Amino acid sequence: MKRVLIVGAGLTGSIIARELAEAGVPSLVIDKDNFIGGLCHSRRDEESGVDVHVFGPHIFNTSNERVWEYVQKFDRFAPWINRVKASNAKGVFSFPINLHTINQLFGVRLTPEQAVKFIDEQRDKSIVNPKNAEEKLLSMVGAQIYETFFKGYTIKQWGVSPTELSPDILKRIPVRFNYDDNYYFSRYQGFPMSGYTQWITNILTHPLVEVKLSTSYEKVMKEEFEHVFYAGPLDEYFDYVEGDLSYRTVTFETVRGKFEQQGCGCMNYSDLSVPYTRAHEHNYFSPWEHHEKSVLIQEFSHESTRESAKIYPKRMEHDMKVLAAYMSHVEKEEGVSFIGRLGCYRYLDMQQCVLMALDYAETWLKWHSGELLNLPKMPNEV
Ligand code: UDP
């Protein structure tokens with residue numbers, strides 16, 4: 001049997017390689033970069049010894065038992081709760097919005113029940129079906145919270161007005177009427193203790209998986225393989241014939257000092273006057289280690305170019321039209337599946353990548369063995 005080719009040694013591609021290998025299907029995994037892990041890549045900082053999440057913080061979280069069990073097969077996970085602070089002209093606040101934030105911002109001492117009533121009075125009730133991110137927030141929490149915590153941050157993050165963005169970008173952000181300041185709702189949360197790069201290396205370590213780094217995909221390669229799983233940018237695969245899909249990229253500036261410079265892992269900067277969106281002191285992401293020196297990394301969001309790391313799919317109205325045009329090419333492309341955040345042009349967090357990769361590997365194996373008649377060219381949404 002010929003091998004399959006997996007383009008991209010990120011989380012999705014690596015899990016598909018592993019699952020196919022477990023079922024006896026050999027693969028070659030290539031990556032244009034000289035490192036493993038894609039956007040999950042982590043690397044030890046030479047000066048401080050701290051393991052840094054190179055493309056921004058990755059905090060693994062899930063409520064899915066299957067996902068949680070799977071990821072722990074390849075490393076021990078240390079528990080962690082992401083407790084974020086938001087800094088702006090009015091002070092430093094507990095975030096995401098919870099009872100503490102409400103009491104801090106409005107200088108009150110409300111009980112949960114009183115806070116529900118209070119926020120209800122702030123809400124713009126004339127907005128019934130919010131059409132964009134601004135309307136969503138105004139209808140959920142009112143103008144004062146929106147302007148203090150979301151407006152400036154969102155403009156910095158996405159480079160457009162919140163009125164142009166889908167309400168979906170806020171799906172992950174809770175509003176709570178108790179003192180729970182956990183950023184996520186997930187039942188399980190934590191970090192692989194050997195670091196993300198080692199964790200993904202462990203996933204790829206199997207006699208039926210070969211990995212070649214610094215290797216770009218060329219269309220001619222397709223002929224040599226049983227099937228191609230492509231996790232690179234969708235528009236690039238089709239030579240941008242339908243135009244570019246837009247992304248935001250992030251650049252990082254490192255501030256060095258003595259641990260603790262910031263006092264928490266993650267600080268969001270809500271105001272436009274601070275040019276970065278957030279800063280992370282990566283030392284906090286491995287609390288089982290001790291380092292004297294600190295690595296504080298500020299994140300600056302920009303429009304991405306064809307050459308820059310594509311981090312956030314923007315999925316603006318125009319992009320969705322371009323995506324629809326590419327989907328007709330996808331349907332016609334034989335022997336190729338489009339996977340992962342870039343291949344599907346979807347914002348996927350790590351747990352979605354894991355679930356999607358597991359499901360899709362299973363589907364592909366059934367299709368390959370003849371049990372299933374048709375193979376979807378892209379994984380279903382999870
Ligand atoms: N957001 C905001 N203020 C914050 C944090 C988030 O306005 O302090 C908005 C912003 O538009 C962001 C979205 O909520 O893009 C989703 O935030 P999340 O922290 O989930 O983004 P990610 O971790 O994916 O960058």
Side-chain angles (χ1 to χ4, degrees), residues 11 39-40 53 55-62 80-98 100-102 104-105 130 132-138 140-176 181-186 189 246-252 262 264-280 282 285 297-304 309-316 341 346-353:
L11 187 54
L39 291 177
C40 298
H53 304 178
F55 297 98
H58 281 66
I59 296 149
F60 197 92
N61 68 96
T62 184
W80 167 265
I81 304 253
N82 195 24
R83 300 190 198 284
V84 175
K85 302 282 173 246
S87 173
N88 54 54
K90 292 182 179 153
V92 177
F93 296 88
S94 180
F95 197 82
I97 307 298
N98 63 74
H100 200 179
T101 328
I102 297 166
Q104 282 178 306
L105 179 66
N132 57 55
E134 178 171 289
E135 286 190 2
K136 170 91 181 166
L137 285 158
L138 291 175
M140 246 169 79
V141 288
Q144 200 160 337
I145 291 181
Y146 166 60
E147 282 176 15
T148 308
F149 297 102
F150 294 96
K151 193 172 179 181
Y153 187 103
T154 300
I155 294 171
K156 285 192 283 187
Q157 167 70 19
W158 296 100
V160 293
S161 158
T163 53
E164 290 178 56
L165 291 162
S166 154
D168 286 358
I169 62 154
L170 303 161
K171 264 204 298 223
R172 299 183 296 275
I173 307 267
V175 174
R176 301 200 185 98
D181 59 352
N182 185 348
Y183 205 68
Y184 303 115
F185 287 110
S186 303
Q189 221 177 120
S246 71
Y247 286 88
R248 294 295 277 179
T249 191
V250 180
T251 55
F252 303 93
Q262 179 167 264
C264 64
C266 178
M267 179 85 76
N268 289 358
Y269 288 85
S270 335
D271 294 340
L272 277 173
S273 55
V274 177
Y276 41 93
T277 49
R278 49 189 194 180
H280 293 97
H282 284 243
F285 300 151
I297 299 184
Q298 299 163 337
E299 298 189 8
F300 297 78
S301 178
H302 316 270
E303 205 61 20
S304 87
K310 296 177 159 80
I311 301 189
Y312 293 97
K314 281 178 81 178
R315 295 173 67 90
M316 309 287 290
R341 193 188 275 214
R346 292 179 202 150
Y347 180 93
L348 301 173
D349 62 15
M350 287 183 286
Q351 56 145 348
Q352 288 170 302
C353 287

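FYI, the numbering just counts along the sequence from 1. As the structure lists them, so they are numbered: ligands from 1, and atoms in each ligand from 1. Note that this is a predicted model, so its numbers are computed, not measured.
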Exercise for the section: Specify the protein heavy atom at minimum distance from atom 20 (O) of ligand 1: its residue, its atom name, and the distance to 0.1 Å. Expected result: R172 NE, 3.0 Å
Practice task
Mark yes or no for whether K156, through its side chain, and V274, through its backbone, hold a donor-acceptor pair below 3.5 Å.
Solution key: yes
Fill in the blank from the handout: closest protein heavy atom to atom 16 (C) of ligand 1 is I169 O, 3.4 Å
Exercise for the section: Distance to 0.1 Å, residue and atom name: give those for the protein heavy atom nearest to atom 24 (O) of ligand 1. Expected result: Y347 OH, 2.6 Å
Exercise for the section: For atom 18 (P) of ligand 1, grab the closest protein heavy atom and report residue, atom and distance to one decimal in Å. Expected result: Y183 OH, 3.7 Å
Practice task
Measure up the H58 and H53 rings against each other and bin them: parallel (under 30°), tilted (30 to 60°), perpendicular (over 60°).
Solution key: perpendicular
Exercise for the section: May I ask you to list the atoms of ligand 1 that are less than 4.0 angstrom from any heavy atom of Q157? Expected result: 15 (O)
Exercise for the section: Determine the minimum heavy-atom distance between G56 and F252, stating which atoms define it. Expected result: N-CZ, 3.6 Å
Exercise for the section: Is it possible for you to check whether R341 lies under 6.0 Å from the centre of the six-membered ring of Y247, through NZ or CZ, and within 45° of that ring's axis? Expected result: no
Practice task
Specify the protein heavy atom at minimum distance from atom 15 (O) of ligand 1: its residue, its atom name, and the distance to 0.1 Å.
Solution key: W158 NE1, 2.9 Å
Exercise for the section: Find the distance between CZ (R172) and OH (Y183) and round it off to the nearest 0.5 Å. Expected result: 8.0 Å
Problem - Geometric N/O contact F95 with ligand 1, under 3.5 angstrom - result: no
Handout entry: R278 NZ/CZ over Y269 ring centroid, <6.0 Å and within 45° of normal
Key = no
Problem - Structural part of R278 in contact with ligand 1, heavy atom criterion under 4.0 angstrom - result: side chain
Problem - Nearest-neighbour protein heavy atom for atom 25 (O) of ligand 1, which is reported as residue plus atom name and distance - result: Y312 OH, 2.5 Å
Practice task
Looking only at protein heavy atoms, identify the closest one to atom 8 (O) of ligand 1 and say how far it is in Å.
Solution key: N268 ND2, 2.8 Å
Exercise for the section: Just go through T154, I59, T148 and tell me whose heavy atom is the nearest to atom 7 (O) of ligand 1. Expected result: T154
Problem - Pairs flagged by salt bridge (charged side-chain N to carboxylate O under 4.0 Å, His left out) wherever residues 82-92 is involved - sequence neighbours left out - result: R83-D181
Practice task
Can you pull out the closest protein heavy atom to atom 2 (C) of ligand 1? Residue, atom name and distance to 0.1 Å, please.
Solution key: Y153 CD2, 3.3 Å
Handout entry: Side chain, backbone, both or neither: I173 near ligand 1, heavy atoms under 4.0 Å
Key = side chain
Handout entry: Criterion side chain to side chain contact (heavy atoms under 4.5 Å, CB included) on Y312 and V250, from CA distance to verdict
Key = CA-CA 9 Å; Y312 293 97; V250 180; 3.9 Å; yes
Fill in the blank from the handout: Heavy-atom proximity to atom 14 (O) of ligand 1, picking from L170, T277, I311, L165, points to L170
Problem - Aromatic plane relationship, F300 with Y276 - under 30° parallel, 30 to 60° tilted, over 60° perpendicular - result: perpendicular
